[in-house]
Amino acid sequence: MITGPPALPPRARVPLWSLAAFGFVIALVLGVRYAGTSHLAGLDALVLPVIDRVEGPLWYVATAIDFAGEPIGAVVVIALFCWLCLRHRRPRIAILLVAASGVTVALTTGLKPLVGRLIHDEFLSYPSGHTAFAVTVATVVALLVIDVRGLGPAGGTGVLVGLVAFAGLAMGWAEVALGAHYPTDTFGGFGVAVVVVPVVGWTVDRLTRPV
């Protein structure tokens, strides 16, 4: 039997589900807007030329961040944070991390051909799986911090939004800078991730609670 606190700390549920609703709208609207396209438009036309194709030291920074979303890097990241969860006796949050990461990767992979957006006229790009993975991990880590530190609504919301924003912006910048995605692809990845985490967390809590 799995013991310990739930995967979704009660004090974090309202901001988490609110963020999920926001993310769902963002992912849906952008997915519909850019479905079947392969050209710059709107926000992408403004942002991409500014940060596309970095060189020098920034290229190495972007590559290092990108590696965290690659298969080997992702395994290392998941293993590290699962260890932290187990160290703090939060097995359900560890399960959430593994399950939500898997669902996020599967969902972003499956959505790409459905949306059909191309970058460089060749590669399916929406939504960004790397960004979705980074935001998924950041969201679960935020839940761990909120639970372990016993943060209240204000502090918990700050931690959640802060970590999610940092991870999304960092990985999103790296993906755009390396020419792998349009900026709006990364917003779509963010939206998918913040929807997946509470849904999977709710499922984990339902399946692992005492009968």
Smallest separation among heavy atoms of [X] and [Y], with atom names:
{"X": "L124", "Y": "G116", "result": "CD2-CA, 3.9 Å"}
{"X": "V195", "Y": "A20", "result": "CG2-O, 3.3 Å"}
{"X": "G188", "Y": "A27", "result": "O-CB, 4.0 Å"}
{"X": "P127", "Y": "L111", "result": "CD-CB, 3.7 Å"}
{"X": "V192", "Y": "L107", "result": "CG1-CD2, 3.7 Å"}
{"X": "P91", "Y": "L86", "result": "CA-CD2, 4.0 Å"}

Quiz item: Is the closest basic N to carboxylate O distance between R117 and D44 below 4.0 Å?
Solution: yes

Treat each ILVMFWY residue as a node, draw an edge where side-chain heavy atoms are under 4.5 Å apart, and state whether [X] and [Y] are in one component.
{"X": "F133", "Y": "F123", "value": "yes"}
{"X": "F166", "Y": "V194", "value": "no"}
{"X": "L169", "Y": "L19", "value": "no"}
{"X": "L97", "Y": "W83", "value": "yes"}
{"X": "V115", "Y": "V25", "value": "no"}

Exercise. Determine, step by step, whether T131 and D185 satisfy the side chain to side chain contact (heavy atoms under 4.5 Å, CB included) criterion, reporting the C-alpha distance in whole Å, the side-chain angles of both residues, the deciding distance to 0.1 Å, and the verdict.
Key: CA-CA 9 Å; T131 306; D185 294 336; over 6 Å; no

With rounding to the nearest 0.5 angstrom, report the [atom1] to [atom2] distance, [X] to [Y].
{"X": "R92", "Y": "L144", "atom1": "CZ", "atom2": "CG", "result": "14.5 Å"}
{"X": "L143", "Y": "L151", "atom1": "CG", "atom2": "CG", "result": "11.0 Å"}
{"X": "R33", "Y": "L30", "atom1": "CZ", "atom2": "CG", "result": "9.0 Å"}
{"X": "S101", "Y": "L96", "atom1": "OG", "atom2": "CG", "result": "8.0 Å"}

Practice problem: Decide yes or no on side chain to side chain contact (heavy atoms under 4.5 Å, CB included) for L40 and Y182, but give the supporting numbers first. | Solution: CA-CA 8 Å; L40 287 176; Y182 299 105; 3.6 Å; yes

Output a table of donor-acceptor pairs, distance under 3.5 Å, between side-chain atoms of residues 170-180 and any protein atom two or more places apart or on a different chain; print 'none' if there are none.
none

Report yes if some heavy atom in the side chain of [X] is under 4.5 Å from a heavy atom in the side chain of [Y]; otherwise report no.
{"X": "Y126", "Y": "L118", "result": "no"}
{"X": "F81", "Y": "V140", "result": "no"}
{"X": "P6", "Y": "R206", "result": "no"}
{"X": "V196", "Y": "T139", "result": "no"}
{"X": "F190", "Y": "F22", "result": "yes"}

Quiz item: Between T186 and S128, does any side-chain donor sit less than 3.5 Å from a side-chain acceptor?
Solution: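 No, because no side-chain N or O of T186 sits under 3.5 Å from a partner of the opposite role on S128.
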
Practice problem: Report the C-alpha separation of R11 and D147 in whole Å, then their side-chain angles, then the decisive distance to 0.1 Å, and conclude whether the side chain to side chain contact (heavy atoms under 4.5 Å, CB included) test is met. | Solution: CA-CA 8 Å; R11 63 180 65 88; D147 197 30; 3.9 Å; yes

Show me, pair by pair, the donor-acceptor contacts under 3.5 angstrom made by side chains of residues 57-64, not counting sequence neighbours?
from	atom 1	to	atom 2	distance (Å)
T63	OG1	W59	O	2.8

Exercise. Apply side chain to side chain donor-acceptor pair (under 3.5 Å) to T104 and T136, showing your working.
Key: CA-CA 7 Å; T104 296; T136 296; 2.9 Å; yes

Practice problem: Kindly indicate, with the supporting measurements, whether the criterion side chain to side chain contact (heavy atoms under 4.5 Å, CB included) is fulfilled by W17 and V199. | Solution: CA-CA 9 Å; W17 284 107; V199 172; 4.2 Å; yes

